Amino acid sequence: MKIIYAEAEAFAKKGPDEASLNKVKEYMLKKHNENLKEKRLLAEQQDEYLYTGINPIKDYEQIVNGITAKDIQKFANELLKQKNQITVS
């Protein structure tokens, strides 16, 4: 478990590299477009709109493209600061 925690802390300090982040964004946008074509997740997307006011159908691409490595790094740091960790054996 020490290795996992060390990797999580290193990720929080460095953040993701741009190439990896861009690959993830590309995948997310591709899957989103596929889901739109197949009309998957429509109920979940409607719930998201009602709950957050964000239209995941219309705004999804803008949101994904707006995420930066610094955003991910900040999120990882905030998550690790919570110290909500359990060990499952």
Side-chain angles (χ1 to χ4, degrees):
M1 293 306 293
K2 290 180 185 179
I3 294 171
I4 294 171
Y5 292 136
E7 286 297 317
E9 288 177 16
F11 183 82
K13 286 180 185 174
K14 296 179 192 173
D17 63 271
E18 288 295 325
S20 295
L21 180 59
N22 287 335
K23 285 180 185 178
V24 170
K25 287 180 178 183
E26 183 180 324
Y27 174 79
M28 290 175 70
L29 293 172
K30 178 183 171 192
K31 289 302 289 182
H32 179 69
N33 285 329
E34 289 172 5
N35 289 340
L36 287 177
K37 287 178 186 175
E38 297 175 16
K39 299 188 192 282
R40 288 187 194 162
L41 308 174
L42 190 57
E44 288 92 351
Q45 292 171 343
Q46 290 172 340
D47 279 349
E48 179 74 20
Y49 180 69
L50 292 172
Y51 182 69
T52 66
I54 296 171
N55 183 335
I57 296 171
K58 185 181 104 188
D59 301 332
Y60 188 82
E61 188 173 334
Q62 179 183 357
I63 292 167
V64 170
N65 285 328
I67 296 171
T68 66
K70 288 285 186 194
D71 294 331
I72 303 294
Q73 183 180 14
K74 180 181 174 187
F75 173 78
N77 276 308
E78 290 173 4
L79 188 64
L80 290 177
K81 283 181 190 175
Q82 295 175 11
K83 300 288 185 194
N84 292 333
Q85 303 168 347
I86 61 169
T87 302
V88 179
S89 55

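From a predicted model like this one, the values you see are computed outputs, not experimental measurements.
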Residues that [X] engages under side chain to side chain contact (heavy atoms under 4.5 Å, CB included), provided they are two or more places apart:
X   : answer
V64 : K25, M28, L29, Y60
S20 : D17
E9  : L80
A69 : P16, E18, L21

Quiz item: With ILVMFWY side chains joined below 4.5 Å, transitively, what does L50's cluster contain besides itself?
Solution: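 Under the 4.5 Å side-chain rule, L50 groups with nothing.
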Quiz item: Apart from F75 itself, what residues make up its hydrophobic cluster, given side-chain heavy atom links below 4.5 Å?
Solution: L79
Quiz item: What's the spacing between E61 CD and H32 NE2 if we round to 0.5 Å?
Solution: 8.0 Å
Quiz item: Of all residues at least two apart in sequence or in a different chain, which pass the side-chain hydrogen bond (donor to acceptor under 3.5 Å, both in side chains) check with D71?
Solution: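 Checked D71 against side-chain hydrogen bond (donor to acceptor under 3.5 Å, both in side chains); matches are T68.
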Quiz item: Quick one: side-chain hydrogen bond (donor to acceptor under 3.5 Å, both in side chains) partners of Q85, sequence neighbours excluded?
Solution: none
Quiz item: Got a salt bridge between E34 and K31, using NZ or NE/NH1/NH2 to carboxylate O under 4.0 Å?
Solution: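 Between K31 and E34 there is a salt bridge, with a charged N closer than 4.0 Å to a carboxylate O.
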Quiz item: How about Y27: does its OH atom have over 12 heavy atoms from other parts shown lying under 6.0 Å from it?
Solution: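 No, because the 6.0 Å sphere around OH of Y27 holds 12 heavy atoms or fewer from other groups.
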Quiz prompt | Heavy-atom side-chain proximity of N33 to N35 below 4.5 angstrom | solution = no
Quiz prompt | Q73 side chain to F11 backbone, donor-acceptor under 3.5 Å | solution = no
